[in-house]
Amino acid sequence: MFVGRERELQKMDGIIRADRATIGVIYGRRRIGKSELIKKAFEKKRMLIFEGLENRPKRAQIDAFIIQLTYQTGHEVKKSNVKSWREAFMILYDYLKDNPAHLAFDEFQWMANYRHEIVADLKMVWDLYLSKIKGITLILCGSIASFMIKKVLKSKALYGRTDLEIHLKGFLLPETAEMLKNKGSIEVIEAQMMLGGVPKYLNLVMDQPSVHHAVGELAFTETGYLKGEYERIFTSHFGKRPEYERTINYLSKHPYGVFRKQVSEEIDVVPGGGLTEILNNLESAGFISSETPFHKSSNSRLLKYRLSDAYLRFYFAFIKPNLRKIESGIPKNMFGQINQTGLYFTWMGRAFEYLCMDHVSKISEILGFSGIEFTFGPFYESQTRETAGIQVDIVFDRKDNVITLIEAKYSRNPIGLSIIQEVERKVEVLKQKFKRKTIQRVLLSQSEPTKELLASGYFYRFITPDELL
């Protein structure tokens, strides 16, 4: 089932329709739907697709390329005669010059063995030969964003030569709702919080009796797909590199984020180039994200890092701690027990805050100021002797001199008057920081506000998650 991606399809259609040879680069985490996007964009076009082999040497990659070429074209070549990528690409050109077709190199980082050699060879053959075939499009697709950015997009060979760049990300709620159209809004929202809008995962729960039933089967049984997914996606990205795994483990224990210095101390890597590479690679993979308070620059010392991939957050909270029990098969309905605990509801509350952070554009539309220039982000201050520490996940600083504070709550019970004291403490701190601006309070809650809270007039607006769909 193919849903969403209309904007990406339009961009791809633009280079496909060009009357010259074009190159597109697509990257994003595994399971995000890159291959399906390519197939959809070229479904009525003639195309040759080549896929790299995970963790195999150059010789095996070239052999696989030749086998795939032979299978798709009938143009038989002896693998042993092909010694380099340049020779392999010239064989491809010899076929294409008389039989034009679009090209896709999928999991390109595997084909390249994470080295730049293939890019240089491809550039030479492309410039001198392949690009002379009118209307041909070459798509380079990979799941290792750091490689696709550094070794392809920013390489000396291809820098400035690509016609399209797409960083494919997970679905937002409207696309998730379209994919799970047989589910109610509560299930759609909870699926988003646990699975993060990853099409592959949503496809696995789509036809199940319920999202909770699906997660129970997929994550809490010995052979469940999501039980072993962490090892698959993490190993394919970073192999057995302990410093990366230590970083992910550390961030999983700090849902509100940690500073760079804390990461350095925890994983025992000096805060220099080595740490920068680790953090940048994890961020480009979509596993973590960095953020500064909305009123600070991106290079502020208050920069924090947090685990941003929804599946990884769920994995570290509930799957990893229970791996032994899952593998033993006892108890049978583990997730049914977990999702009744206080720990689970606390986790869901934080997951809801993450979900709201992912939908700031929609929130600005709902509140009617999307046409006004604004910045947004979190606001946090550490505890001191004089003041208690606070954190607000979503604050909009608008050019019309209004600061909109979003209080996100995921609760089983109606939200009552007690929330006013909690929010007012945050408002008072913001008033001290931004004395000349109006503070607008908004509550985004799964549960309804009580009549007393409605009557108080404290919040400018109540938003329900259904409005984000």
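Fair warning: this is a prediction, and the values are worked out from it, not measured in the lab. Just so you know, residue 1 is the first one in the sequence shown, and it goes up from there.
Asp127 and Arg161 are joined by a salt bridge, as a carboxylate oxygen and a charged side-chain nitrogen come within less than 4.0 angstrom of each other. Using a cutoff of 4.0 Å between basic side-chain nitrogens and carboxylate oxygens, Asp19 and Lys134 are not scored as salt-bridged. A salt bridge is absent between Glu327 and Arg324: the closest approach of a Lys/Arg side-chain nitrogen to an acidic carboxylate oxygen does not fall below 4.0 angstrom. Remark: Glu175 does not engage Arg5 in a salt bridge, criterion side-chain N to carboxylate O under 4.0 Å. A salt bridge does not link Lys227 with Glu229: none of the charged nitrogens is closer than 4.0 Å to a carboxylate oxygen. Checked for salt-bridge contact, Lys409 and Glu353 miss the test: no charged N lies under 4.0 Å from a carboxylate O. One finds a salt bridge joining Glu54 and Arg30 here, because a Lys/Arg side-chain nitrogen approaches an Asp/Glu carboxylate oxygen to under 4.0 Å. Under a 4.0 Å N-O distance rule, the pair Asp393/Arg350 qualifies as a salt bridge. Lys437 and Asp400 are not joined by a salt bridge, as no carboxylate oxygen comes within less than 4.0 angstrom of a charged side-chain nitrogen.
In this structure, Arg313 satisfies the cation-pi test against Tyr354, with its NZ or CZ atom closer than 6.0 Å to the six-membered ring centre and inside 45 degrees of the ring normal. Geometrically, Lys304 engages Phe259 in a cation-pi contact defined by less than 6.0 Å to the ring centre and at most 45° from the axis. Cation-pi check for Arg232 over Tyr225 is met; the charged atom lies under 6.0 angstrom from the ring centroid and within 45 degrees of its normal. Geometric assessment of Arg398 against the ring of Phe369 yields a positive cation-pi assignment under the 6.0 Å and 45° thresholds.
Side-chain N/O atoms of Thr137 and Thr22 include a donor and acceptor closer than 3.5 Å. Defined by atom type and a distance below 3.5 Å, a donor-acceptor pair is present between the side-chain atoms of Thr176 and Gln192. Under 3.5 Å, the side chains of Glu291 and Tyr305 contain no donor-acceptor pair of N or O atoms. Looking at His295 and Asp397, their side chains never bring a donor and an acceptor atom within 3.5 Å of each other.
Using a 4.5 Å heavy-atom threshold, the side chains of Leu153 and Met148 count as separate.
Closest of all the heavy-atom pairs between Ile62 and Ala88 is CG2-CB, 4.5 Å.
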